[in-house]
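Quantities reported herein were computed from a predicted structural model and do not represent experimental measurements.
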Amino acid sequence: AMLSPTFRVKEFEVQDSFPFPIALSWKGPAPEGEEGGTATETRPNNVVFNKGNSLPNTKMLTFYRLGTFTVEALYADTNDLPPGTPQKISTFTIGPFRPTKQEKPKLKVKIRLNLHGIISVESATLIEEEEVEVPANDSTVIEAARSGSSGGAALDGKDVKMDNADKSETNDPGLAAAGTENGTPSVDEEKATKMDAEPHKPEVVRKKKSKRKEVPVSEAIIGGISQAELEKAIEKEYEMALQDRVMEETKDRKNAVEAYVYDMRNKLYSKYGDYATGPEREDLSVKLQETEDWLYDEGEDETRGVYIAKLEELRKLGDPVEERFKEDEARGPAIAELQFCIESFREAAKSTDLRFDHIDSSDKEKVILECSKAEEWLIDKKQQQDALPKCAHPVLLSVDIKKKAEILDRVCKPIMTKPRPPPPKPAVSSPEPKEDKSRDSESSPSNGFSSGGDSQQMETETLEQDGESMQMD
């Protein structure tokens, strides 16, 4: 209903839960054991995953330990367990590890109950804090300034003392003025110069930094098999898988022999009947019957190689008959393809179409000659094949016919598809020499005015125009 577009249902979720409560108990070196001592701490069962806890689920536990310790996972309530089920599940050994300090190193242990209800320790991390010196940035200096006095006070006590000393030495204004007038620097200026000359020492702040280190975890499953037994079981599984594969391949080979016997027997007296001689048909029928009897008697349980050899014996008798049938079926289309190729190239070579008028007559004669040779070869081979019975070995094979068509196409196609040569380009006439404008520029005056004769002609034209206008008036 949720997947169907027809129905609308309320959303709900299926959550898996674990039916048994799981507790943890641990023992190992105490957090604060004496130096050189072997003080241990044992903690009773603590329920970590309650009954009905959702799956999967992860818990993060924090331990304070100085050395390797063990954590045992067990069922908290044995009344709900099936009879004969051990209470302990597994034991986890966390370590070895060596803390750099003796001040309660923190150890974070991640315990997971997966979707299948199997508990495991995924990781254990040792966390130690150490102080490191880092240079103070601008924000640190600003915070220190804010923590001091607000009325222009210095950042620390030393600066304040230094300012008071300067003020006490230069308290007399007359002395300061006299020093300035005489050209000698004041006391404040001298100390400021000294402070500027001294190299600036960067301030250092001590900060705490957490250092994390992964701790190895080993698991010992209660009731589990050893590593050697596990490897032996895996090897045995591989052997069984190999045996299954061999049996499957043997069965396939046996089925192939049985299928060939039934299929060849049916075709031998139907579509393969004309393509087998009498002795061939008789020998093949006897061999097929013997193989069938052998399959259900001695060959019921043989190896893969025996079935392969038996199938090869049958194919030696049946393959020639099958090949004759296939050749007869493929010969007709191959002959038609070769005849079409011959006729196409011959018609194109004899055609007076404008598409082929650029091809030389000698090349066309070559195409016609190749087509004639291929046609003669086909007619000769076809007559020989028609004279033979279907049960005889063929002399005209479909492979030879296709090869002949490929040879003819390779010779004639480049000739008949030769591109037409491009038309000759028209002769380009040489351009007439242009007048030299530089001579004109040299003969003309540099100021751009016309010569004296031209000016007189322009004056005469102007007078004539004035006379005409006077007559009109």
Can [X] and [Y] be counted as an ion pair, charged N to O under 4.0 angstrom?
X      : Y      : result
Glu249 : Arg304 : yes
Lys287 : Glu313 : yes
Lys267 : Asp263 : yes
Asp328 : Arg331 : yes
Glu322 : Lys326 : yes
Glu128 : Arg212 : no
Glu280 : Arg324 : yes
Lys373 : Glu376 : no
Arg315 : Glu312 : no

Measure centre to centre between the rings of Phe18 and Phe49, then say whether the value is under 6.0 Å.
no
Crowding at [atom1], [X] (>12 non-hydrogen neighbours, <6.0 Å):
X      : atom1 : answer
Glu237 : CD    : no
Glu337 : CD    : no
Met60  : CE    : yes
Gln289 : CD    : yes
Gln15  : CD    : yes
Asp301 : CG    : no
Arg420 : CZ    : yes
Glu239 : CD    : yes

Does any part of the side chain of [Y], heavy atoms only, come nearer than 4.5 Å to the side chain of [X], both counted from C-beta?
X      : Y      : answer
Leu396 : Gln384 : no
Phe97  : Leu66  : no
Trp26  : Ile94  : no
Asp400 : Lys404 : no
Glu327 : Leu397 : yes
Val48  : Ile22  : no
Leu354 : Asp357 : yes
Phe356 : Lys418 : no

Whether the [X] and [Y] side chains hold a donor-acceptor pair (N or O, under 3.5 Å, no angle test) is what I'd like checked.
X      : Y      : result
Thr125 : Lys108 : no
Ser285 : Tyr269 : yes
Ser120 : Arg112 : no
Tyr296 : Glu258 : yes

Quick check: does any side chain N or O of [X] sit under 3.5 Å from a backbone N or O of [Y], one acting as donor and the other as acceptor?
X      : Y      : value
Asn255 : Lys251 : yes
Gln87  : Tyr75  : yes
Lys106 : Thr62  : no

Please evaluate residues Phe92 and Ile111 with respect to the criterion side-chain contact (heavy atoms from CB on, under 4.5 Å), reporting the C-alpha separation (whole Å), side-chain torsions for both, the decisive distance (0.1 Å), and the verdict.
CA-CA 10 Å; Phe92 304 96; Ile111 299 179; over 6 Å; no
Just how far is it from atom [atom1] of [X] to atom [atom2] of [Y], taken to the nearest 0.5 Å?
X      : Y      : atom1 : atom2 : result
Cys412 : Lys364 : SG    : NZ    : 13.5 Å
Ile335 : Ile379 : CD1   : CD1   : 11.0 Å
Cys341 : Leu408 : SG    : CG    : 4.5 Å
Asn50  : Ser17  : CG    : OG    : 12.0 Å
Arg98  : Lys213 : CZ    : NZ    : 9.0 Å
Ser398 : Leu338 : OG    : CG    : 12.5 Å

When you look at Leu61 and Leu24, which way does the side-chain contact (heavy atoms from CB on, under 4.5 Å) test go after all the steps?
CA-CA 11 Å; Leu61 304 181; Leu24 297 179; 3.5 Å; yes
Verify side-chain contact (heavy atoms from CB on, under 4.5 Å) between Leu288 and Leu284, making sure each step is shown before the conclusion.
CA-CA 6 Å; Leu288 292 174; Leu284 186 55; 4.2 Å; yes
Compare every heavy atom of [Y] with every heavy atom of [X], then report the nearest pair and how far apart it is.
X      : Y      : answer
Pro105 : Arg65  : CG-O, 3.0 Å
Gly273 : Arg281 : O-NH2, 2.8 Å
Gly95  : Thr68  : CA-OG1, 3.8 Å
Gln385 : Val395 : OE1-N, 2.8 Å
Cys371 : Phe345 : SG-CB, 3.6 Å
Asn114 : Leu55  : O-CD2, 3.5 Å

Just do the side-chain contact (heavy atoms from CB on, under 4.5 Å) check on Phe20 and Asp77 with the steps written out, would you?
CA-CA 7 Å; Phe20 309 110; Asp77 190 1; over 6 Å; no
Residues in ring pair (Phe, Tyr, Trp, His ring centres under 6.0 Å) with Phe325, at least two apart?
Tyr272, Tyr275
With a distance cut-off below 6.0 Å to the six-membered ring centre and an angular limit of 45° from the axis, does Arg265 pair with Tyr262 as a cation-pi contact?
no
With Lys51 via salt bridge (charged side-chain N to carboxylate O under 4.0 Å, His left out) - residues at least two apart:
Asp80
